[in-house]
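Let me begin by presenting the structure, written as structure tokens, before commenting on it.
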Amino acid sequence: MNHPAKGAASAVRRRYGASPLHLLLTLACFALALYAGVRLLKGDTIGVAIWFVGAALLHDLVLLPAYSITDRAAQRLFRSRAAQPGSVPRPSVNYLRVPAFISGILFLVWWPLILQQGGNYTTYTALSADGFLARWLLITAGLFIVSAIVWLVRTWMRLRPARKEARAQERARSATK
């Protein structure tokens with residue numbers, strides 16, 4: 001017996017390529033973006049348009065080349081000596097990428113307060129704007145330290161079987177002497 005709900009979901013999946021829930025969530029995201037756009041453009045339309053164009057230009061002309069060059073440098077730093085010039089980068093570069101990305105996102109969100117350009121932050125929130133730079137630096141250091149610890153543990157765990165094998169071979173050699 002074929003269930004109608006299962007048949008409808010299968011039909012949507014065949015035509016759309018994903019589940020009906022995915023389609024529903026995608027439409028909800030578009031509706032939310034449309035609502036936010038209408039609310040945002042209700043006030044200073046020209047200012048918002050200038051801000052979007054400026055942000056796109058800043059990203060495409062300054063930030064993208066900067067983090068692309070930094071990523072290439074990190075890939076070369078972590079490339080093994082035996083790697084071919086066009087080979088895929090080693091995953092160990094991700095131990096730099098992830099904390100740098102998170103730190104960069106935090107900086108982009110909080111840069112006015114980190115650089116003490118908060119303006120009316122204290123007036124609006126009744127909270128002090130001091131200490132954001134120190135907190136951001138501590139969070140950044142913590143992210144890199146945790147990433148380094150994870151890298152060290154994973155490297156140690158990966159090399160552990162090789163060390164065990166080398167010790168076993170050494171014991172076998174010494175036993176035969």
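- Distance alone, capped at 3.5 Å, is enough to place a donor-acceptor pair between the S147 side chain and the Y95 backbone.
- Contact check for Q75 versus R97: side-chain heavy atoms found under the 4.5 Å cut-off.
- Salt-bridge check for R173 with E170: passed, with a basic side-chain N closer than 4.0 Å to an acidic carboxylate O.
- Side-chain atoms of H22 and Y16, non-hydrogen and from C-beta on, do get closer than 4.5 Å to each other.
- In the hydrophobic cluster analysis, where Ile, Leu, Val, Met, Phe, Trp and Tyr join through side-chain heavy atoms closer than 4.5 angstrom, I46 is grouped apart from V53.
- To the nearest 0.5 Å, atoms CG (L143) and CG (L96) are separated by 12.0 Å.
- Atom CZ of R154 sits about 14.0 Å away from atom CG of L159, to the nearest 0.5 Å.
- Across all non-hydrogen atoms, the minimal contact from F144 to A100 is CZ-N, 3.7 Å.
- Atom CD1 in I145 sits 9.0 Å away from atom CG in L138 (nearest 0.5 Å).
- A continuous path of Ile, Leu, Val, Met, Phe, Trp and Tyr side chains, each step under 4.5 Å between heavy atoms, connects W111 with I102, placing both in one hydrophobic cluster.
- Between the CH2 atom in W151 and the CZ atom in R158 there is a gap of 8.5 Å [rounded to 0.5 Å].
- Residues I139 and L115 fall within the same hydrophobic cluster, defined by Ile, Leu, Val, Met, Phe, Trp and Tyr side chains chained together at heavy-atom separations under 4.5 Å.
- Taken together through direct or relayed side-chain contacts under 4.5 Å among Ile, Leu, Val, Met, Phe, Trp and Tyr, L58 and I114 form parts of separate hydrophobic clusters.
- W136 places a side-chain N or O within 3.5 Å of a backbone atom of S103 that can act as its donor or acceptor partner.
- Shown here is L61, whose CG atom has more than 12 heavy atoms of other residues, nucleotides or ligands within 6.0 Å.
- Counting non-hydrogen atoms of other residues, nucleotides and ligands closer than 6.0 Å to CD of Q169 gives a total above 12.
- Note that the CZ atom of F101 and the CG atom of L106 stand 10.0 Å from one another [nearest 0.5 Å].
- Two residues are said to be in side-chain contact when any heavy atoms from C-beta on lie closer than 4.5 Å; H59 and Y67 meet this criterion.
- Residues Q116 and L133 are not in side-chain contact: their nearest non-hydrogen atoms beyond the backbone lie 4.5 Å or more apart.
- Between W110 and F132, the angle of the ring planes stays under 30°, which puts this pair in the parallel group of the 30/60° scheme.
- Residues in residues 29-58 take part in no ring-ring contact (aromatic ring centres under 6.0 Å, His included) pair, two or more places apart or across chains.
- If you take CG on L23 and CZ on R15, they are separated by 12.0 Å, rounding to the nearest 0.5 Å.
- Residue L34 is not grouped with residue L24 when hydrophobic side chains (ILVMFWY) are merged at heavy-atom distances under 4.5 angstrom, including chains of intermediate members.
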